[in-house]
Amino acid sequence: MSLFSRRPAKSPAGPFRFRISEIYQIPMRGVVVTGTVTDGTVHAGASALIHLPSGAREVVVTRIEAARRKRQSAEAGAEAGLYLSGLGGADIPVVPSGDGQQQDNTGLSGVEVTSA
């Protein structure tokens, strides 16, 4: 076999793990978490668990975006945005600001989303 073979890479199997870097509430779309898939492959429509400080909660991955494009899946090593149903704006931490409070987009940094 040639050193430059174009054999497709194996798709990581098994449960997925996604580490959150930031979280946003997108009007008309819902809550999206950005971060990196650390293990396995996540698919649009997959049931998942988000491990919040208050405890794990069931969510559904309704949409995946990577490199500003809609994807059906993202595998280990990919940076992506996951749109999650079952999570709302009230779940995003807030911090004081000059005129009240604002969402803390990095407040859930390091939290994991995993296969259900």
Colleague: Output the rest of the hydrophobic cluster of Leu52: all Ile, Leu, Val, Met, Phe, Trp and Tyr residues reachable through side-chain heavy-atom contacts under 4.5 Å, sorted by chain and number.
Modeller: Phe16, Phe18, Ile20, Ile23, Val31, Val33, Val37, Val42, Ile50, Val59, Val61, Ile64, Leu82, Leu84, Leu87, Ile92, Leu108, Val111, Val113
Colleague: Show every salt bridge (charged side-chain N to carboxylate O under 4.0 Å, His left out) that has at least one partner inside residues 98-116, sequence neighbours left out.
Modeller: Arg17-Glu112, Arg19-Glu112
Colleague: Other than Val94, what residues sit in its cluster of Ile, Leu, Val, Met, Phe, Trp and Tyr side chains whose heavy atoms are under 4.5 Å apart, directly or through others?
Modeller: none
Colleague: According to side-chain contact (heavy atoms from CB on, under 4.5 Å), who are the partners of Glu79, at least two apart in sequence or on a separate chain?
Modeller: Thr36
Colleague: Which residues end up grouped with Tyr24 if you chain together Ile, Leu, Val, Met, Phe, Trp and Tyr wherever their side-chain heavy atoms are less than 4.5 Å apart?
Modeller: Ile26, Val32, Tyr83
Colleague: NE2/His43 to OG/Ser115 distance, rounded to the nearest 0.5 angstrom?
Modeller: 9.0 Å
Colleague: Should we say atom CD of Gln101 is surrounded by more than 12 heavy atoms from elsewhere, each under 6.0 Å from it?
Modeller: yes
Colleague: Once side-chain hydrogen bond (donor to acceptor under 3.5 Å, both in side chains) is applied, do any residues pair with Gln25, and if so which ones, sequence neighbours excluded?
Modeller: Gln103
Colleague: Name all pairs fulfilling the side chain to side chain donor-acceptor pair (under 3.5 Å) condition that reach into residues 44-59, sequence neighbours left out, sorted by first residue then second.
Modeller: His51-Thr114, Arg57-Asp91
Colleague: Enumerate the residue pairs fulfilling salt bridge (charged side-chain N to carboxylate O under 4.0 Å, His left out) with a member in residues 20-37, sequence neighbours excluded, ordered by first and then second residue.
Modeller: Arg29-Glu65
